Amino acid sequence: MRIHIATDHAGLEFSQQLQEHLRGAGHEVIDHGPQEYDPVDDYPSFCVNAARAVANDWAAGTPALGVVFGGSGNGEQIAANKVGGVRAALVWNESTARLAREHNNANVISIGARQHTVEEAIGFIDTFIAEPFPGDERHVRRISQLREFEVAGTIAGHEILPPANGDIPAVLGAESEA
């Protein structure tokens with residue numbers, strides 16, 4: 001299996017150890033960075049690139065999964081989920097890793113490097129990779145609804161609120177402080 005990896009400074013050492021494990025298990029690992037420690041680096045570009053590579057691989061007919069890391073894994077999951085076709089799940093135990101595939105057919109997982117040991121993360125990743133998506137109708141229906149919203153902004157048979165008018169600031173209330 002092709003596995004795309006990305007992190008930030010908080011997960012760099014963690015990521016390197018996990019890549020070694022994945023390669024040892026026979027996976028093709030593609031590292032989207034960073035390549036060296038920078039305490040003020042920003043995770044979005046690394047995680048977006050890993051997620052986009054997963055989506056591009058699937059679009060080309062190549063099965064691939066992604067794993068992104070950061071201090072908590074939250075921002076990394078958010079970044080990955082901005083990429084069309086990506087379903088990134090924050091995992092914190094083997095059950096959430098299993099359910100990410102079984103219920104959501106997640107193709108990327110996010111792990112908090114400051115929240116878990118390397119051994120725990122290896123267990124989450126191995127579980128995620130090994131778990132097939134069973135294709136139950138209810139899960140396919142829900143994933144299809146998410147994809148419809150992602151592409152068209154609608155979910156057939158359901159009322160969806162209109163989008164906000166204008167941009168939402170990074171810091172709420174910041175626009176009134178100027």
Side-chain angles (χ1 to χ4, degrees), residues 1-23 25 27-36 38 40-93 96-116 121-122 124-133 139-140 142-153 163 167-168 170:
M1 172 70 68
R2 182 177 292 168
I3 310 292
H4 294 276
I5 301 278
T7 188
D8 69 356
H9 59 276
L12 185 59
E13 184 178 329
F14 200 76
S15 175
Q16 292 166 343
Q17 293 176 30
L18 293 167
Q19 287 182 52
E20 184 178 312
H21 166 76
L22 290 167
R23 286 188 181 101
H27 299 290
E28 175 188 2
V29 178
I30 300 174
D31 184 0
H32 293 273
Q35 303 307 316
E36 56 188 48
D38 177 354
V40 294
D41 67 8
D42 297 317
Y43 62 83
S45 63
F46 303 127
C47 295
V48 165
N49 282 338
R52 184 157 283 163
V54 169
N56 289 347
D57 278 350
W58 278 100
T62 302
L65 296 172
V67 183
V68 295
F69 305 95
S72 69
N74 287 310
E76 295 74 20
Q77 177 202 21
I78 292 167
N81 274 320
K82 297 298 181 188
V83 175
V86 169
R87 291 176 303 281
L90 179 66
V91 301
W92 60 90
N93 59 30
T96 57
R98 185 177 304 102
L99 290 171
R101 294 283 293 148
E102 186 180 303
H103 287 195
N104 309 111
N105 200 15
N107 47 18
V108 174
I109 58 171
S110 184
I111 300 172
R114 292 182 177 149
Q115 315 304 312
H116 304 284
I122 286 171
F124 306 163
I125 295 166
D126 288 348
T127 297
F128 174 71
I129 292 169
E131 186 67 32
F133 177 61
H139 300 306
V140 170
R142 293 166 185 163
I143 293 165
S144 296
Q145 289 173 354
L146 292 171
R147 183 66 178 155
E148 177 187 350
F149 181 77
E150 182 178 63
V151 172
D167 193 29
I168 299 169

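Here the structure is a predicted model, which means the values were calculated and not measured. Heavy-atom basis, side chains included; hydrogens, waters and symmetry copies ignored.
Side-chain atoms of Asp41 come within 3.5 Å of backbone N or O of His9 as a donor-acceptor pair. A distance-only check finds no donor-acceptor pair linking the side chain of Arg87 to the backbone of Asn107 [under 3.5 Å]. Without hydrogens or angle criteria, Asp42 side chain to Pro44 main chain gives no donor-acceptor distance under 3.5 Å. Between the side chain of Ser110 and the main chain of Gly73, a donor-acceptor pair closer than 3.5 Å is present. Side-chain atoms of Thr96 come within 3.5 Å of backbone atoms of Trp92 as a donor-acceptor pair (strictly under, hydrogens ignored).
Between the SG atom in Cys47 and the NE2 atom in His32 there is a gap of 10.5 Å [rounded to 0.5 Å]. A distance of 8.0 Å separates CG in Leu12 from CG in Asp31, rounded to the nearest 0.5 Å. Between atom CD of residue Glu131 and atom CZ of residue Arg98 there is a gap of 6.0 Å, rounded to the nearest 0.5 Å. In this structure, OG1 in Thr127 is found 11.5 Å from CD1 in Ile122, a value given to the nearest 0.5 Å. With values rounded to the nearest 0.5 angstrom, Asn81 atom CG is found 5.5 Å from Gln77 atom CD.
For the pair Phe69/Glu76, no side-chain contact is recorded, criterion being any heavy-atom separation below 4.5 Å from C-beta on. Residues Asn104 and Phe133 have side chains not in contact (no heavy-atom distance under 4.5 Å, counting atoms from C-beta outward). Taking the side chain as every heavy atom from C-beta outward, Ile125 and Leu22 approach each other to under 4.5 Å. Using a 4.5 Å heavy-atom threshold, the side chains of Leu65 and Val54 count as separate. Side-chain contact between Ile5 and Ile30: absent, with no pair of heavy atoms (C-beta onward) separated by less than 4.5 Å. The closest side-chain heavy-atom distance from Ile111 to Ile109 is below 4.5 Å. The closest side-chain heavy-atom distance from Tyr43 to Val68 is not below 4.5 Å.
Between Val48 and Ala79, the shortest heavy-atom contact is CG2-O, 3.7 Å. Closest approach of Ala80 to Ala88, counting heavy atoms only: CB-CB, 3.8 Å. Scanning both residues, Gly70 and Asp8, for their nearest heavy atoms gives CA-OD1, 3.5 Å. Of all non-hydrogen atoms in Leu90 and Ser72, the two that sit nearest each other are CD1-O, 3.7 Å. Across Ala10 and Gly71, no two heavy atoms sit closer than the pair CB-N, 3.6 Å.
Surrounding CD of Glu150 are more than 12 heavy atoms belonging to other residues, nucleotides or ligands, all under 6.0 Å away. In this structure, Gln115 places its CD atom where more than 12 heavy-atom neighbours from other residues, nucleotides or ligands lie under 6.0 Å away.
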- What do the steps show when you test Arg147 against Ile143 for side-chain contact (heavy atoms from CB on, under 4.5 Å), and what is the final call? CA-CA 6 Å; Arg147 183 66 178 155; Ile143 293 165; 5.6 Å; no
- Applying side-chain contact (heavy atoms from CB on, under 4.5 Å), run through Arg114 and Phe14 and close with a yes or a no. CA-CA 9 Å; Arg114 292 182 177 149; Phe14 200 76; over 6 Å; no
- Does the side-chain contact (heavy atoms from CB on, under 4.5 Å) test come out yes or no for Ile129 and His27, once each step is laid out? CA-CA 10 Å; Ile129 292 169; His27 299 290; 3.7 Å; yes
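Side-chain atoms of Gln19 and Ser15 form a donor-acceptor pair, as typed in the model, at a separation below 3.5 Å. Side chains of His4 and Asp57: a donor-acceptor N/O pair is present below 3.5 angstrom, by distance only. In summary, the side chains of His21 and Asp126 do present a donor paired with an acceptor at a separation below 3.5 Å, with no hydrogens or angles considered.
A cation-pi arrangement is found for Arg101 relative to Phe128, the charged atom lying closer than 6.0 Å to the ring centre and inside a 45° cone about the ring normal.
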